[in-house]
Amino acid sequence: MPRFSKSARVPYTPAQAFDLVSDIARYPDFIKWITAMRVSDVRLDESGITHSRGDAVVGFKGFVERFSTGVVADPAVGTVVASLIKGPFRALRAQWTITPLERGGADIALEINYEFRNVLIAMLAAANHDTAVNRIMSAFLTEAQKRYGSGPSASVPV
């Protein structure tokens with residue numbers, strides 16, 4: 001199963017970074033190929049972990065796909081994990097990890113493991129996976145700057 005990761009060091013607080021990546025309802029506002037997102041079944045458990053369902057519509061190079069994920073956002077450990085419920089994948093797991101830095105700021109890491117059912121879509125994805133992961137991270141960094149300002153220093157890829 002393909003596995004891709006990307007990380008960046010940012011001048012934002014871990015709470016700001018977590019709020020950004022856990023705000024899945026707003027993903028269509030800044031990730032251009034996510035054309036729609038519906039969030040449902042939101043519940044906060046006794047540990048402060050948010051569980052929800054995200055139903056996304058994704059359009060890319062003439063393809064439109066729908067998929068659903070279960071999303072678990074745990075602010076105590078700084079993770080947001082989306083796991084496949086249904087869609088064009090055999091498997092899908094995306095995990096954001098926010099790590100606080102001693103001198104301020106945070107490291108944001110994204111790891112995506114996926115496998116498409118459709119061979120044609122799988123080939124298209126394989127040809128574009130590095131670009132897609134880079135664009136996802138870039139979209140989040142751009143959105144962070146819009147929401148929180150430029151911070152004390154520029155984002156530095158790790």
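Owing to the predicted nature of the structure, the values given are computational and were not obtained by experimental measurement.
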For Q145, give me all partners under side chain to side chain donor-acceptor pair (under 3.5 Å), at least two apart in sequence or on another chain. none
Run the side chain to side chain donor-acceptor pair (under 3.5 Å) test against T79 and tell me which residues pass, sequence neighbours left out. none
Return the set of residues passing side chain to side chain contact (heavy atoms under 4.5 Å, CB included) with T13 (not counting sequence neighbours), or none when no residue passes. A15, Q16
F30 and R147: CA distance, side-chain angles, deciding distance, side-chain contact (heavy atoms from CB on, under 4.5 Å) verdict: CA-CA 11 Å; F30 59 92; R147 287 189 192 187; 4.0 Å; yes
According to salt bridge (Lys or Arg N to Asp or Glu O under 4.0 Å), who are the partners of R93, at least two apart in sequence or on a separate chain? none
By side chain to side chain contact (heavy atoms under 4.5 Å, CB included), which residues pair with R43, not counting sequence neighbours? D45, H51
Strictly by side chain to side chain donor-acceptor pair (under 3.5 Å), give each pair with a member in residues 30-41 just once, sequence neighbours left out. R38-D55
Of the options L141, T142, I136, which is the one that meets S138 in a side chain to side chain contact (heavy atoms under 4.5 Å, CB included)? T142
What distance separates D74 CG from I98 CD1, expressed to the nearest 0.5 Å? 12.0 Å
List for me each residue that meets side chain to side chain contact (heavy atoms under 4.5 Å, CB included) alongside P100, sequence neighbours excluded, and say none if there are none. P14
Considering only Ile, Leu, Val, Met, Phe, Trp and Tyr, and joining two whenever side-chain heavy atoms are under 4.5 Å apart, list the other residues clustered with V72. I49
Close side-chain approach of S7 and D107, heavy atoms under 4.5 Å: no
Please verify the inter-ring angle class for Y148 with Y12; under 30° counts as parallel, over 60° as perpendicular, anything in between as tilted. tilted
Listed partners of V42 passing side chain to side chain contact (heavy atoms under 4.5 Å, CB included), at least two apart: V39, T50, S52
With sequence neighbours excluded, give me every ring-ring contact (aromatic ring centres under 6.0 Å, His included) pair touching residues 67-87. F67-F89
Distance col, row I31:CD1 vs E143:CD, nearest 0.5 angstrom, shows 9.0 Å
Does I112 share a hydrophobic cluster with V81, counting links as ILVMFWY side-chain heavy atoms below 4.5 Å and allowing steps through other members? no
Partner residues of F18 under the ring pair (Phe, Tyr, Trp, His ring centres under 6.0 Å) criterion, sequence neighbours left out: none
